[in-house]
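Read the structure below first, then the notes.
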Amino acid sequence: FAFAGGFITRRTGVKRVLIVGFLMQISGFILCGLFPDYLSLLLGKCLIGAGMGLIIVSTNSVAAGSGSQEESGSAFAAISAGTLAGVTAGAGIGSIILSLGSFSVVYYTGAVLLLLAIPLILTGGEYREQPLKKTSEKVGIFRFLSDRRVLSFLLLALLPFLLALSYREYFFPLYAAEMGMSEAMIGRIYLICGLLIIYAGPALTEKLISHLGGKWTVALASLFMCLAPLLFVLSPTIWTAIAGIVLLSLSLSF
């Protein structure tokens, strides 16, 4: 859906694609809340994922065409920080709501939060991708993906990042619940991690890049992402699991 969303965004503009993406996600959340059987959850999650694909490609299109390289970089950083902070805070708030209610209540809360984005989209500005100049060389998707720098980024930076994010969001709550930790406590830990991302991340990133440069900052983040699950492998306790997700939150933030 992210791939298809790119073509649709060029023809219709960002607003419509964003609205459709959010409506698909809202429908998925409501479906999961109404019918908690396996097939309904699967279909609901598919709708949520499809909507997420449209939203991601739309926001990134705006960031990519936001002006100068500095403005574009700042926009991408803002989107990444907002996404990471939202995922972390959402996991924390969802865990606390679950301790007070049920899974359905969590899904309904998510649908309401997503609904709040619609007025922001309607009141925001429209964006359409500017057509390429005739002198510019168009790069096809296969040529783009076969580029050595792009391929190394996808395999060695983006893929580990997504795996680390999944490790933090899926492994820890399952293991912590198995060890007897309450949903509310799991939520508090995630909220603390969210605060680290929001407040420590930008300042830490700026300092690290000024001292180490971009390449070594990414290398340091990758090292932390390796150490986080390795701590648990060497000593599988709840404390090493907590230390691991805190370490992951710090590394993911920069």
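Count residues from 1 along the sequence.
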Under the criterion side-chain contact (heavy atoms from CB on, under 4.5 Å), I'd like the reasoning laid out for D147 against F153: C-alpha separation, chi angles, the key distance, then a yes or no. CA-CA 10 Å; D147 183 270; F153 169 76; over 6 Å; no
Test log, rule side-chain contact (heavy atoms from CB on, under 4.5 Å), inputs L18 and L54: CA-CA 7 Å; L18 276 175; L54 294 178; over 6 Å; no
Before you tell me yes or no, could you show the steps for Y175 and I238 under side-chain contact (heavy atoms from CB on, under 4.5 Å), namely the whole-Å CA-CA distance, both residues' side-chain angles and the distance that decides it to 0.1 Å? CA-CA 8 Å; Y175 176 74; I238 189 65; 4.1 Å; yes
Are the side chains of [Y] and [X] in contact, using a 4.5 Å heavy-atom criterion?
| X | Y | value |
| --- | --- | --- |
| L47 | F29 | no |
| L34 | S104 | no |
| L122 | I19 | yes |
| V218 | S222 | yes |
| F172 | I189 | yes |

Sequence neighbours left out, what passes ring pair (Phe, Tyr, Trp, His ring centres under 6.0 Å) with Y167? Give chain and number order. F171
Would you find a donor on one side and an acceptor on the other, under 3.5 Å apart, between the side chain of [X] and the backbone of [Y]?
| X | Y | result |
| --- | --- | --- |
| K45 | G28 | no |
| S61 | V57 | yes |
| S235 | F232 | no |
| T240 | T237 | yes |

Shortest non-hydrogen separation from I186 to A177 and the atoms involved: CD1-N, 4.0 Å
To the nearest 0.5 Å, what is the distance between OG on S182 and CD1 on I96? 9.5 Å
Check each of I93, L98, I97 against T109 using the side chain to side chain contact (heavy atoms under 4.5 Å, CB included) test, and report the only one that passes. I97
Test side-chain contact (heavy atoms from CB on, under 4.5 Å) on L248 and S251; report intermediate values, then the result. CA-CA 5 Å; L248 274 177; S251 63; 4.2 Å; yes
